[in-house]
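Quick notes on the structure that follows.
Any value given below was found using the heavy atoms of this structure, including those in side chains, with hydrogens, waters and symmetry copies removed. Proteins get letters first, then strands, A, B, ... in listed order; numbering begins at 1 in each.
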2 protein chains.
Amino acid sequence: MNNSQYKIAILGAGNVGYQLAWHLHNSGNQIVQIFSRRLPAAKWLGNLMDIPTANDFSEITTDADIYLLTVNDDSVEEVASKLHLGDKVVAHTSGSVSMDALKNVSTNYGIFYPLQTLSRNVSVDFAVIPFCVNGSTPFALETLKNLASTLTNKIVEVDDEKRFAIHVAAVFANNFTNHLFSVSQMILEKSGLSFEILKPLINETVRKVQNHDPLNVQTGPASRHDDHTIEKHLEYLKKDGRFAEIYKLLSNEIRQYAKEPV
Amino acid sequence: MNNSQYKIAILGAGNVGYQLAWHLHNSGNQIVQIFSRRLPAAKWLGNLMDIPTANDFSEITTDADIYLLTVNDDSVEEVASKLHLGDKVVAHTSGSVSMDALKNVSTNYGIFYPLQTLSRNVSVDFAVIPFCVNGSTPFALETLKNLASTLTNKIVEVDDEKRFAIHVAAVFANNFTNHLFSVSQMILEKSGLSFEILKPLINETVRKVQNHDPLNVQTGPASRHDDHTIEKHLEYLKKDGRFAEIYKLLSNEIRQYAKEPV
């Protein structure tokens with residue numbers, strides 16, 4: 001970690017804004033303003049951290065070194081169209097939005113994308129999070145790298161195309177797997193069982209892929225071409241057609257990659 | 001752990017047979033025979049552990065206290081139809097096959113189902129694995145519980161219906177999530193990126209559900225009803241239609257459970 005101390009304005013008070021404000025503050029930076037188009041969100045976070053807040057674009061501070069746009073991917077362009085920050089460093093934190101969405105905001109713009117699932121109610125160790133950065137100028141890039149280095153030593157400089165691929169892959173690796181955990185919990189609870197019983201299996205699922213390609217450690221009925229078991233599972237899931245549809249699609253996919261049965 | 005030492009015959013030399021032979025041996029039990037209908041599989045495991053092997057049903061030892069049938073779910077009934085073990089304790093290790101599949105094998109039959117993903121090439125800590133047990137008689141049940149207690153202290157007595165629900169849930173929580181990790185790796189590698197970059201995210205995905213219901217920590221474009229990002233992701237995945245199909249189905253599912261956008 002490096003000791004650069006930056007003055008930072010956070011624009012957007014959702015999960016990402018909250019977590020970045022908190023961790024950048026704790027790593028020695030100064031959060032000078034929380035801006036949100038929704039005043040209650042800005043106030044909530046501002047009060048929590050004792051930071052001035054704003055909800056009107058005209059009130060955005062001119063006193064920050066770096067402006068981090070943490071609004072939803074969908075809103076980056078709209079918010080950017082209302083920002084004029086001269087040559088201040090401004091970056092957005094989205095995985096899917098082009099860096100050039102900020103090209104009319106400042107000459108020094110870039111990317112500050114934390115590759116992590118961030119929730120307001122779950123604390124997270126930022127030191128292990130890869131930060132994907134990019135910059136329109138060497139100054140913007142260096143500044144954002146320096147800022148990232150106050151949080152982590154996993155700094156990855158990637159262009160729009162690679163960042164987009166990472167974002168799509170992350171949806172599969174996190175969002176979709178988390179939903180499958182939800183489904184497994186619902187299946188268990190219908191039979192009066194607790195999700196607790198699956199946790200060793202879930203932990204092992206992830207431990208296995210630390211040192212093995214997931215394709216090489218695939219197990220289960222589909223990878224064994226065990227059609228009889230698959231049929232019985234589908235019969236059981238029929239009462240909830242949506243779970244059956246997921247089951248069918250993913251089992252078919254696994255079969256495509258599995259060796260022929262012996 | 002308990003010190004009962006049983007003489008055990010393992011019938012089936014696949015991943016489960018391999019791991020059970022190894023761990024039951026290490027926990028103080030004696031493996032007296034490895035049987036497989038495929039002689040090379042039996043020999044491979046027998047030689048590795050210096051245990052007598054057999055591949056003909058007439059050669060199955062009469063000297064064991066417990067017979068563990070570790071063949072594929074699909075093969076349990078067929079193999080069981082050829083076994084006649086009097087009143088010896090016999091159990092199968094399948095999540096999906098009825099206990100009564102063994103009712104003509106012995107008077108003392110039951111279930112010895114390790115709730116874990118087992119591969120030959122990945123070592124695993126059996127002490128954290130829940131074992132689902134059941135028995136046709138108090139003697140069979142107690143014997144199988146005692147055997148499980150040499151490996152783990154997580155012993156769960158469940159009937160066929162509950163075990164089946166656990167097995168289906170485990171397919172979602174392990175088999176399907178592992179396949180999604182494979183997909184994410186393929187997406188990254190197409191862009192020249194390493195799967196390594198996703199590991200902190202994957203670890204956090206699982207850490208989050210240790211103390212939170214997965215439904216409550218769902219993040220990502222679908223849970224935010226961020227249709228624009230979903231469209232861009234689908235456009236990107238079009239070149240591999242199968243990934244797009246998974247993306248579409250799971251995003252729709254997540255939306256069903258997500259709060260309306262604010």
Side-chain angles (χ1 to χ4, degrees), chain A residues 72-74 96 115-117 119 122 124 128-130 162 165-166 168-185 187-188 191 193 197-198 200-206 208-209 212 214-215 217-220 222 224 226 228-229 232-233 236 242 246 249-250 253-254, chain B residues 72-74 96 115-117 119 122 124 128-130 162 164-166 168-185 187-188 191 193 197-198 200-206 208-209 212 214-215 217-220 224 226 228-229 232-233 236 242 246 249-250 253-254:
Chain A
N72 283 347
D73 300 20
D74 258 0
S96 68
L115 179 50
Q116 190 54 285
T117 164
S119 302
V122 184
V124 54
V128 302
I129 301 182
K162 282 190 162 50
I166 291 169
V168 174
V171 168
F172 282 83
N174 165 268
N175 304 167
F176 292 167
T177 59
N178 185 73
H179 182 68
L180 295 179
F181 296 152
S182 298
V183 172
S184 67
Q185 179 170 24
I187 291 170
L188 289 173
S191 288
L193 294 154
I197 197 174
L198 281 185
L201 176 65
I202 288 172
N203 292 337
E204 177 65 12
T205 305
V206 158
K208 262 185 163 178
V209 300
H212 298 269
L215 275 180
V217 293
Q218 184 69 54
T219 59
R224 290 194 302 269
D226 180 347
H228 184 58
T229 301
K232 288 203 292 182
H233 284 175
Y236 179 82
R242 285 157 53 191
I246 298 174
L249 177 61
L250 290 174
E253 286 303 304
I254 290 170
Chain B
N72 283 349
D73 300 21
D74 257 359
S96 68
L115 179 49
Q116 190 54 284
T117 164
S119 302
V122 184
V124 53
V128 303
I129 300 182
K162 282 190 162 52
F164 194 83
I166 291 169
V168 174
V171 168
F172 282 83
N174 165 267
N175 304 166
F176 292 167
T177 59
N178 185 73
H179 182 68
L180 295 179
F181 295 152
S182 298
V183 172
S184 67
Q185 179 170 23
I187 292 170
L188 290 173
S191 287
L193 294 155
I197 197 174
L198 281 186
L201 176 65
I202 288 172
N203 292 337
E204 177 66 12
T205 305
V206 158
K208 262 185 163 178
V209 300
H212 298 269
L215 275 179
V217 293
Q218 184 69 53
T219 58
R224 291 194 302 268
D226 181 347
H228 184 58
T229 301
K232 286 202 293 183
H233 284 176
Y236 179 82
R242 285 157 53 190
I246 299 173
L249 178 61
L250 290 174
E253 285 302 304
I254 290 170

Problem set entry | Contact class of B:Val168 relative to chain A, heavy atoms under 4.5 angstrom | both
Exercise. Which pair of heavy atoms, one from B:Ala169 and one from A:Ser184, lies closest together, and at what distance?
Worked result: O-CB, 3.3 Å
Seminar exercise, completed: Ranked by heavy-atom pairs below 4.5 Å to chain B, first place among A:Val128, A:Asn72, A:Thr229 goes to A:Thr229
For this session: Report the C-alpha separation of A:Thr117 and B:Val217 in whole Å, then their side-chain angles, then the decisive distance to 0.1 Å, and conclude whether the side chain to side chain contact (heavy atoms under 4.5 Å, CB included) test is met.
Result: CA-CA 9 Å; A:Thr117 164; B:Val217 293; over 6 Å; no
Problem set entry | Contacting moiety of A:Val183, where chain B heavy atoms sit under 4.5 Å | side chain
Exercise. Among B:His228, B:Glu253, B:Glu204, which has the most heavy-atom pairs under 4.5 Å with chain A?
Worked result: B:Glu253
Exercise. So, do B:Ile246 and A:Phe172 sit near enough that their side-chain heavy atoms are less than 4.5 Å apart?
Worked result: yes
For this session: Among the options B:Val206, B:Asn174, B:Leu198, B:Asp226, pick out the one with the most heavy-atom pairs lying under 4.5 Å from chain A.
Result: B:Asp226
Exercise. So what's closer than 4.5 Å to chain A heavy atoms on B:Ile202: side chain, backbone, both or neither?
Worked result: both
For this session: Write down the atom of A:His233, the atom of B:Phe164, and the distance for their closest heavy-atom approach.
Result: CD2-CZ, 3.5 Å
Exercise. So which part of B:Val171 gets closer than 4.5 Å to some heavy atom of chain A, the side chain, the backbone, both or neither?
Worked result: side chain
For this session: May I ask you to decide whether A:Asp73 forms a salt bridge with B:Arg224, counting only side-chain N to carboxylate O separations under 4.0 Å?
Result: yes
Problem set entry | Residue among B:Leu193, B:Ile166, B:Leu215 with most heavy-atom pairs under 4.5 Å to chain A | B:Leu193
Problem set entry | Atom group of B:Gln116 that falls short of 4.5 Å from chain A, counting heavy atoms | both
Problem set entry | Heavy-atom side-chain contact between B:Ile129 and A:Pro200 under 4.5 Å | no
For this session: Could you tell me which of A:Thr219, A:Thr205, A:Ile187, A:Asn178 has the largest number of non-hydrogen atom pairs under 4.5 Å with chain B?
Result: A:Asn178
Problem set entry | Separation of B:Tyr236 OH from B:Ser191 OG (nearest 0.5 Å) | 3.5 Å
Exercise. Out of A:His212, A:Gln218, A:Lys208, which one pairs with B:Ser119 under the side chain to side chain donor-acceptor pair (under 3.5 Å) rule?
Worked result: A:Lys208
Exercise. Who wins among B:Leu188, B:Val122, B:Asn175 for the most heavy-atom pairs under 4.5 Å with chain A?
Worked result: B:Asn175
